[in-house]
Amino acid sequence: MQYWLLKSEPDVWSIDQQKKAGVKGAPWDGVRNYQAAKNLKSMKKGDLCFFYHSNIGKEIVGIVEVIKEAYLDKTDKSGRFVAVTVKFKNKLPSPITLETIKKSKELSHLALIKQSRLSVMPIDSKSWKILNNMSKV
């Protein structure tokens with residue numbers, strides 16, 4: 001099992017829209033950064049991902065599960081980029097703000113802080129547990 005963080009602007013695709021997609025999930029598409037695309041290609045069915053609202057909110061708001069591994073992104077005319085399909089698992093009882101994450105020395109190594117523009121990033125298991133504890137999960 002691997003853990004990830006997926007960023008989405010909530011006015012484009014929010015955790016509530018993800019929830020409405022139901023058990024069939026929704027494609028995580030539109031990624032055009034090569035490092036983020038490499039991360040999508042590394043995802044396996046059953047991996048869990050934090051759902052992060054970027055720009056508006058700047059906070060982790062929920063968890064989604066990868067239900068379909070990397071396939072060609074239908075929104076990419078070049079045929080170079082991939083998407084995965086994710087389904088809603090749960091909303092966090094208490095969202096975790098970027099400000100709170102930055103205050104934790106134990107999380108200072110995260111790409112969320114070091115590579116703030118990266119939209120798909122790995123989260124190590126220790127940090128996954130820390131973040132879940134922060135949200136009262």
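The figures here come from the full heavy-atom set of this structure, side chains too, leaving out hydrogens, waters and symmetry mates. The first residue in the sequence is number 1, and the count goes up from there.
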For Thr85 and Gly25 the tightest heavy-atom approach is CG2-C, 4.1 Å
Output for pair (Ile101 CD1, Glu106 CD), nearest 0.5 Å, gives 13.0 Å
In this structure, CG of Leu5 is separated from OG of Ser127 (nearest 0.5 Å) by 11.0 Å
**Message:** Taking the side chain as everything from C-beta on, heavy atoms only, tell me whether Met43 gets closer than 4.5 Å to Trp4.
**Reply:** yes
Notebook entry, point to check: Within 45 degrees of the axis of the six-membered ring of Tyr34 and under 6.0 Å from its centre: does Lys38 put its NZ or CZ there?
Noted result: no
Practice item. Report yes if some heavy atom in the side chain of Ile96 is under 4.5 Å from a heavy atom in the side chain of Glu59; otherwise report no. Key: no
Looking only at heavy atoms, the pair that brings Gln18 and Ala26 closest together is NE2-N, 3.9 Å
Between the NZ atom in Lys20 and the CD1 atom in Ile15, the distance rounded to the nearest 0.5 Å is 12.0 Å
Of all heavy-atom pairs linking Ala37 and Val82, the shortest is O-CG2, 4.0 Å
### Query
Just wondering, do Thr100 and Lys103 contact through their side chains at under 4.5 Å, heavy atoms?
no
CG of Leu112 to CZ of Phe50, rounded to nearest 0.5 Å, is 10.5 Å
May I ask you to test the Val66-Lys44 pair for a side-chain heavy-atom distance under 4.5 Å? no
Item to complete: Give me the ring orientation class for Trp28 and Phe51: parallel if the planes are under 30° apart, tilted from 30 to 60°, perpendicular past 60°.
Response: perpendicular
Rounded to the nearest 0.5 Å, the CD1 atom of Ile130 sits from the CG atom of Asp124 at a distance of 7.5 Å
- So do Gln35 and Gln115 actually touch side chain to side chain, heavy atoms under 4.5 Å? yes
message = Under a 3.5 Å distance rule, please check whether Asp29 uses its side chain to pair with a backbone N or O of Thr75 as donor and acceptor.
response = no
Looking at Ser135 and Ser94, would you say the former's side chain and the latter's main chain have a donor-acceptor pair under 3.5 Å? no
| field | Side chain proximity check, Ser125 to Tyr3, heavy atoms < 4.5 angstrom | value | yes
Rounding to 0.5 Å, atoms CG (Leu48) and CG (Asn132) come to a distance of 9.0 Å
Lys136 side chain to Asn133 backbone, donor-acceptor under 3.5 Å
no
- Should Lys89 and Glu65 count as an ion pair when the cut-off is N to O under 4.0 Å? yes
With sequence neighbours left out, the residues meeting salt bridge (charged side-chain N to carboxylate O under 4.0 Å, His left out) with Asp73 are Arg32
